[in-house]
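Below you'll find the structure, written out as structure tokens, and then a few comments.
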Amino acid sequence: MFTAISQCVVGASVSPLSKILFMLFVILSGGQYLYVHFSKKHRDLKKEEQQIEEIYGKDDDGFYPWERDTDDSPERVTEESKPYHNENLPRRSTRW
């Protein structure tokens, strides 16, 4: 396996330490995948919906709190409203 990897790069020699580190990486990655895959329970959508209903609850019209006001028409935007600017995005400028 390691000879096939080393043959992909012409003239590259693989040291024993890099072989050990690669094997350790593969073993730990596979173990982590198996742990997450088999130890975590699968999601039950009916149970999640029931928990959301218990936490938030619906109002008299059958809406959750975040579903109540969904009118985002331009008529609702006032003149003094500031435009939304996402501060988490990287800034692009002429310094790049």
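As the structure is a prediction and not an experimental result, all values here were calculated from the model.
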Among I27, L28, V26, find the one that has a side-chain contact (heavy atoms from CB on, under 4.5 Å) with L24. L28
On a heavy-atom basis, the closest approach of G57 and P65 is O-CD, 3.8 Å
Mind checking whether Y64 and D59 have side chains closer than 4.5 Å, heavy atoms only? no
Find out whether D69 and R76 are in side-chain contact, i.e. whether some heavy atom of one side chain is under 4.5 Å from a heavy atom of the other. yes
Rounded to the nearest 0.5 Å, what separation is found between the CG atom of L21 and the CE atom of M23? 10.0 Å
CD of E54 to CD of Q50: how many Å apart, nearest 0.5 Å? 5.0 Å
For the pair S29 (side chain) and F25 (backbone), establish whether a donor and an acceptor sit closer than 3.5 Å, ignoring hydrogens and angles. yes
